[in-house]
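Notes follow once the structure below has been shown.
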Amino acid sequence: MNVFEISDENLEEFAEILGMDMMDDMQRSFYRGYGTSGEDGNINGVLVYEVKGLEDDDRDTLSQMLLVKADNEESYEKLHEIYREEGVEDEEIVETFYEFEDAAMADSCEKAGFSKGKKESQIIRLKLKDASALDFVNKIKKVPDYIVGLEKLSVTQYRAGVKNCIFNGQTGILEDLSYLSMGWFDTGISSCTITDEEVNGFFFIRTTPSGVIVPVLLYAYGPDYIKNLALMIAHSVKEAEKRYPPDTEIVIHRARKASAELTKKLMPRIKGMEAFFGERMENK
């Protein structure tokens, strides 16, 4: 059994087990992973995690386990072992946590010393046609001219806006916002608010390689920020309707309290699936 770190040199070997979306994410700044292979050289296990707070001196360094998948128990054990011996130690990770809908992944973590419980997932899934049917979207017949698509911004405006988001601690679900180019987002359906030539609101959306729409940051400031949040969402939904089929999947992460409260207010009938949650304190 071989156990090794996933790198740019061997990433393509994991294409089948990771899928195109995770393959894409593995090229981001804080994604890490390990793999196992059998005597025949074929990949038979993978563990992927994202490091959080690595560059923030005011935060503990945490890690979210994103994927643990293996063909056999030995592979599971080796993956968790190398993660703890190398990943946790090298990054000085204080705590690791997970949320999985897959029981086998949660079971492997429990055997490796994580807690394990069940509750509603922080992730909700809906179709574009469901977003189009939302009452507040339909009530907005015309979006004001100061709400525009991200594609309308210059790189300078984009960078200034991102800098302001980071300064105010607003990065959505993105640990690596400062590293992402404007083109990483779906510029056709992402929205922003411009007042007096200054960007004072963003609704960043990523459309993954497999075609899933993922809102990743919603932020606005100023006297009309609440109204502008709703306007940006409506603008993005209407633009998405022009570009994608009605059955296109939308995945919303409610990891932050503000996003959970907003989705509950706007989409009270949409619930997350039951999921397994757990955590483990490291270096103890």
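We count residues from 1, following the sequence as given.
The distance between the ring centers of Phe114 and Tyr98 falls below 6.0 angstrom. You'll find the ring centres of Tyr179 and Phe30 inside the 6.0 Å limit.
For the side chain to side chain donor-acceptor pair (under 3.5 Å) criterion with Tyr146, the lone passing option out of Asp196, Asn228, Asp224, Thr193 is Asn228.
Scanning both residues, His235 and Ser191, for their nearest heavy atoms gives ND1-OG, 2.8 Å. Tyr49 and Ile93 get closest at one heavy-atom pair: CE1-CD1, 4.3 Å. The two residues Leu128 and Val237 come nearest to each other via the heavy atoms CD1-O, 4.4 Å. Annotation for Phe276 and Ala106: closest pair CB-CB, 3.5 Å, computed over non-hydrogen atoms.
When the side chains of ILVMFWY residues are joined at heavy-atom separations under 4.5 Å, either directly or via intervening members, Met105 and Tyr31 end up in a single hydrophobic cluster. In the hydrophobic cluster analysis, where Ile, Leu, Val, Met, Phe, Trp and Tyr join through side-chain heavy atoms closer than 4.5 angstrom, Phe167 is grouped apart from Phe204. Under the 4.5 Å side-chain heavy-atom criterion for Ile, Leu, Val, Met, Phe, Trp and Tyr, Leu153 and Val162 are members of the same hydrophobic cluster. Note on Val214 and Ile189: separate hydrophobic clusters, where clusters join Ile, Leu, Val, Met, Phe, Trp and Tyr whose side-chain heavy atoms are under 4.5 Å apart, directly or indirectly. In the hydrophobic clustering of this structure, Phe97 does not group with Val68; members are Ile, Leu, Val, Met, Phe, Trp, Tyr whose side-chain heavy atoms approach within less than 4.5 Å, directly or through other members.
Surrounding CG of Asp145 are at most 12 heavy atoms belonging to other residues, nucleotides or ligands under 6.0 Å away. Heavy atoms of other residues, nucleotides or ligands lying less than 6.0 angstrom from CE of Met20 number 12 at most. Heavy-atom neighbours of Asp40 CG from other residues, nucleotides or ligands within 6.0 Å: above the threshold of 12. For Tyr225, the OH atom sits in a loose shell: 12 or fewer heavy atoms of surrounding residues, nucleotides or ligands are nearer than 6.0 Å. By the neighbour-count criterion of 12 heavy atoms within 6.0 Å, atom CD of Glu16 is sparsely surrounded, having that number or fewer from other residues, nucleotides or ligands. In Lys69, the NZ atom is not crowded: 12 or fewer heavy atoms of neighbouring residues, nucleotides or ligands sit closer than 6.0 Å. Within a 6.0 Å sphere centred on CD of Glu92, heavy atoms belonging to other residues, nucleotides or ligands number 12 at most.
Looking at heavy atoms from C-beta onward, Asn10 lies in side-chain contact with Phe4 at the 4.5 angstrom threshold. Residues Met281 and Val94 have side chains in contact (heavy-atom distance under 4.5 Å, counting atoms from C-beta outward). Residues Asn164 and Tyr221 have side chains in contact (heavy-atom distance under 4.5 Å, counting atoms from C-beta outward). Inter-residue side-chain proximity for Leu217 and Cys165 is flagged as met; some heavy-atom pair is nearer than 4.5 Å. Using a 4.5 Å heavy-atom cutoff, the side chains of Ile140 and Asn138 are not in contact. For the pair Phe185 and Tyr158, the minimum side-chain heavy-atom distance is below 4.5 Å. Between Leu18 and Val46 the shortest side-chain heavy-atom distance falls below 4.5 Å. Side-chain contact between Leu229 and Met232 is present, with heavy atoms from C-beta onward closer than 4.5 Å.
In this structure, Gln122 contributes its side chain and His253 its backbone to no donor-acceptor pair below 3.5 Å. At distances below 3.5 Å, at least one donor-acceptor pair connects side-chain atoms of Ser115 with backbone N or O atoms of Glu279. The backbone N or O of Ala104 sits less than 3.5 Å from a side-chain atom of Asp102, completing a donor-acceptor pair.
With a 6.0 Å cutoff to the six-membered ring centre and a 45° limit on the axis angle, Lys118 does not count as a cation-pi contact of Phe277.
Taking the charged nitrogens against the carboxylate oxygens, Arg84 and Glu282 do have a contact shorter than 4.0 Å, which makes a salt bridge. A salt bridge links Asp176 with Arg28; the closest basic N to acidic carboxylate O contact falls under 4.0 Å. Classification of Glu101 and Arg125 as a salt-bridged pair holds, one side-chain N sitting under 4.0 Å from a carboxylate O. Here Arg280 does not pair with Glu110 in a salt bridge; the nearest charged N to carboxylate O distance is not below 4.0 Å. Salt bridge status for Asp24 with Arg206: present, with a side-chain N to carboxylate O gap under 4.0 Å. Ion pairing of Arg32 with Glu5 is absent here, as no side-chain N (NZ or NE/NH1/NH2) approaches a carboxylate O to less than 4.0 Å.
A donor-acceptor contact closer than 3.5 angstrom is absent between the side chains of Ser63 and Glu95. Between Thr36 and Tyr76, the side chains place no donor N or O within less than 3.5 Å of an acceptor N or O (distance only, hydrogens not considered). Tyr83 and Thr96 are linked by a side-chain donor-acceptor pair at a separation below 3.5 angstrom, with hydrogens and angles left out of the test. Counted by atom type alone, Glu91 and Thr61 present zero donor-acceptor pairs between their side chains at under 3.5 Å. At a cut-off of 3.5 Å, with distance as the only test, a side-chain donor of Ser7 or Glu9 sits close to an acceptor on the other residue. Thr208 and Ser210 share a side-chain donor-acceptor pair at under 3.5 Å. No side-chain donor-acceptor contact under 3.5 Å links Asn42 and Ser37.
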Go through the steps to decide whether Tyr244 and Ile213 satisfy the test side-chain contact (heavy atoms from CB on, under 4.5 Å), and finish with yes or no.
CA-CA 10 Å; Tyr244 297 109; Ile213 295 174; 4.0 Å; yes
Are Lys116 and Asp107 close enough, and set up right, to give a salt bridge (Lys or Arg N to Asp or Glu O under 4.0 Å), and what steps lead you there?
CA-CA 8 Å; Lys116 179 185 171 186; Asp107 289 343; 2.4 Å; yes
For Ile205 and Ser236, run side-chain contact (heavy atoms from CB on, under 4.5 Å): C-alpha distance rounded to whole Å, both residues' side-chain angles, the deciding distance at 0.1 Å, then the answer.
CA-CA 9 Å; Ile205 299 171; Ser236 290; 3.7 Å; yes
With side-chain contact (heavy atoms from CB on, under 4.5 Å) as the criterion, how do Glu274 and Lys119 come out once you've worked through the C-alpha distance, each side chain's angles and the decisive distance to 0.1 Å?
CA-CA 6 Å; Glu274 187 174 64; Lys119 59 182 178 180; over 6 Å; no
Thr263 vs Ile124, test: side-chain contact (heavy atoms from CB on, under 4.5 Å). Steps then yes/no.
CA-CA 9 Å; Thr263 52; Ile124 57 175; 4.3 Å; yes
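Residue pairs meeting the salt bridge (Lys or Arg N to Asp or Glu O under 4.0 Å) criterion with at least one partner in residues 225-241, sequence neighbours excluded, are Glu239-Lys242, Glu239-Arg243.
By the side chain to side chain donor-acceptor pair (under 3.5 Å) test, Asp135 pairs with no residue at all, sequence neighbours left out.
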